[in-house]
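Step one of this worksheet: look at the structure below.
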Amino acid sequence: MTEFHNFSEATGLRANPTKCKVYFGGVPINIQPQILEITKFSAGNLPFKYLGVPMTSRKLVAFQYEPLIEKIVGRIRHWTARLLSYAGRLQLIKSVLFAITAYWMHVFPIPKKVLHRIEAICRTFLWSGTDNINRKSPIAWDTICYSKVAGGMNITSLVEWNVATISKLLWNIQAKEDKMWIKWMNAYYIKGHSVHNWQVKPSCSWMLKKIMQCRDKVCHTAYWTTAVHDQKYITARMYRELRGFQTDVNWKYILYHNGARPRARFMLWMALHGRIATKDRLVRFGINVGDNCCCWCKKNETLEHLFFKCDTTLRIWMDLLAWLGFYRQPAGWKREKDWLIRETKKKGWRNQMLKILIAETIYEIWRRRNEIIFSNSSNDNLVEWIKTNTVVRCTMKRNLGGHVNVNTLSIV
């Protein structure tokens with residue numbers, strides 16, 4: 001306790017015996033009372049919470065991760081989450097739910113069983129808006145975890161991120177020799193050996209065993225060699241290395257720097273994957289939709305028909321394209337997608353506005369279709385509504401605001 005008192009004298013910070021506890025791990029029972037007598041602290045029991053995560057000398061079992069899962073589910077059950085669109089749920093998953101999990105990962109590894117359960121909760125929340133796990137998933141979760149240029153939504157895959165964060169602890173052991181906990185591990189376990197060829201002993205702690213289990217996964221990667229050479233480890237780069245090469249989709253420029261509303265971009269992304277829940281898809285999955293005809297005509301509702309082959313939507317597209325300066329007649333979803341791929345690669349302002357227009361149009365046609373089916377709404381002023389949304393979004397872009405007139409909804 002001499003060092004304790006010296007620290008208190010130097011800093012003015014003093015330990016409160018009524019609030020401090022001593023936690024024992026591997027200390028003989030006959031020694032523990034002596035330590036308590038010297039420190040004047042009371043004995044605490046493991047595990048205990050510190051900064052929101054459980055601290056223990058043994059491996060955590062699955063039920064001890066329930067506070068983490070409850071915290072995630074609590075965010076989902078919040079009343080505001082029920083009002084979110086697909087894009088809003090996606091943002092909540094990326095910015096809040098996974099951030100909570102990543103915080104735990106920087107403390108200790110999380111079992112795959114728990115990670116898969118968290119991903120199942122997030123997947124269900126994205127597509128259903130609830131925390132009741134189901135199998136509804138129009139697009140595979142692994143695809144959603146791809147980068148945006150590869151056709152995904154750049155959601156972090158927890159399994160690979162868990163390995164990347166554990167690998168940082170491995171890198172610290174071999175690179176940060178001045179840290180106190182690393183000095184202790186070198187003195188009691190590694191004893192001067194290289195972490196690359198050191199053999200794990202049965203007596204090692206569960207945490208050290210987990211760290212060394214990741215050694216074979218990361219030590220032979222290209223980035224690990226770079227990190228050791230540069231003496232700098234970046235978790236995100238190791239994560240990308242573990243995810244592997246991803247092939248870019250040919251329609252990436254349609255979504256790249258698209259200034260449309262997030263909910264409109266999300267619907268465009270689903271359309272590009274061909275996963276919008278049109279009546280023909282629902283019938284294929286065995287869902288009884290009753291009348292499977294288009295809401296504007298008597299033909300079967302498919303993605304191809306709903307957005308480009310129906311006479312009503314065809315006139316909408318022709319009016320909007322002519323308004324933007326593209327005088328052509330749409331010829332079906334596949335051919336229009338090829339045309340959009342070519343046009344959106346160009347850098348002109350008109351081509352940038354085309355990205356916004358295509359996203360807003362697909363979203364508004366789908367929204368109006370649902371209103372007609374479920375609320376008996378009409379089709380009035382749909383073109384004007386799409387123009388208004390497109391013009392408003394263009395005014396938010398510095399290079400596009402000068403090319404539109406908000407009052408007249410015209411292209412300048």
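What you see is a predicted model, and the numbers here were worked out from it, not measured in a lab.
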In terms of the angle between their ring planes, are Trp333 and Phe307 parallel, tilted or perpendicular, with boundaries placed at 30° and 60°? tilted
Under the salt bridge (Lys or Arg N to Asp or Glu O under 4.0 Å) rule, collect the residues that match up with Asp248, sequence neighbours excluded. Lys252
Take atom CZ of Phe98 as the centre, draw a 6.0 Å sphere, and report whether it contains more than 12 heavy atoms from other residues, nucleotides or ligands. yes
Can you confirm whether Ile29 is buried at CD1, in the sense that more than 12 heavy atoms of other residues, nucleotides or ligands lie under 6.0 Å from that atom? no
Check whether more than 12 heavy atoms from other residues, nucleotides or ligands sit under 6.0 Å from atom NZ of Lys112, and answer yes or no. no
Can you list everything that forms a salt bridge (Lys or Arg N to Asp or Glu O under 4.0 Å) with Asp280? Sequence neighbours excluded, please. Arg284
For Thr344 and Leu340, work out which heavy atoms get closest and say how close. OG1-O, 2.6 Å
Does the side chain of His273 come under 3.5 Å of the side chain of Trp269 through a donor N or O and an acceptor N or O? yes
In the structure I gave you, are the side-chain heavy atoms of Val149 and Leu255 within less than 4.5 Å of one another anywhere? no
Between Arg117 and Glu66, does any NZ, NE, NH1 or NH2 come within less than 4.0 Å of an OD or OE carboxylate oxygen? yes
For Cys214, the option from Leu242, Leu170, Ile166 that meets side-chain contact (heavy atoms from CB on, under 4.5 Å): Ile166
Among Trp127, Trp366, Phe125, whose ring-ring contact (aromatic ring centres under 6.0 Å, His included) with Tyr86 holds? Trp127
Just by distance, do the side chain of Arg275 and the backbone of Ile139 share a donor-acceptor pair under 3.5 Å? no
Test side-chain hydrogen bond (donor to acceptor under 3.5 Å, both in side chains) on Gln246 and Ser147 and set out the steps. CA-CA 8 Å; Gln246 300 172 2; Ser147 62; 3.3 Å; yes
Salt bridge (Lys or Arg N to Asp or Glu O under 4.0 Å) evaluation trace for Arg243 with Asp142: CA-CA 10 Å; Arg243 287 291 292 170; Asp142 191 57; 3.4 Å; yes
Pairwise ring-ring contact (aromatic ring centres under 6.0 Å, His included) hits with a residue in residues 139-168, at least two apart: Trp161-Tyr239
Heavy-atom closest contact (Tyr233 atom, Lys168 atom, distance): CE2-CB, 3.4 Å
Ionic contact status for Glu336 with Arg328, cut-off 4.0 Å: yes
Just wondering, more than 12 heavy atoms not from Met180 lying within 6.0 Å of its CE? no
Salt-bridge contact Glu301-Arg369 (side-chain N to carboxylate O under 4.0 Å): yes
Pair Arg261 + Glu364, salt bridge at N-O below 4.0 Å: yes
Less than 4.5 Å apart, any side-chain heavy atom of Pro109 and any of Ile211? no
Would you find more than 12 non-hydrogen atoms of other residues, nucleotides or ligands less than 6.0 Å from Lys94 atom NZ? yes
Criterion side-chain contact (heavy atoms from CB on, under 4.5 Å) against Cys122, the qualifying member of Leu92, Leu158, Ile93: Ile93
Qualifying ring-ring contact (aromatic ring centres under 6.0 Å, His included) pairs with a residue from residues 389-412, counting only residues at least two apart or across chains: Trp349-His403
Do Thr130 and Asn132 meet the criterion of a side-chain donor-acceptor pair at a distance under 3.5 Å? no
Residues forming a salt bridge (Lys or Arg N to Asp or Glu O under 4.0 Å) with Arg215, sequence neighbours excluded: none
Counterpart residues, salt bridge (Lys or Arg N to Asp or Glu O under 4.0 Å), relative to Asp338 (two or more places apart): none
Around Gln199, counting heavy atoms of other residues, nucleotides and ligands shown, do more than 12 lie under 6.0 Å from its CD? no
side-chain contact (heavy atoms from CB on, under 4.5 Å) with Val391: which of Ile356, Leu409, Ile411? Leu409
Below 6.0 angstrom between ring centroids: does that apply to Trp296 and His305? no
With a 4.5 Å limit on heavy-atom distance, are the side chains of Leu208 and Val200 in contact? no
Correct closest heavy-atom pair for Glu343 and Phe326 would be OE1-CE2, 3.7 Å
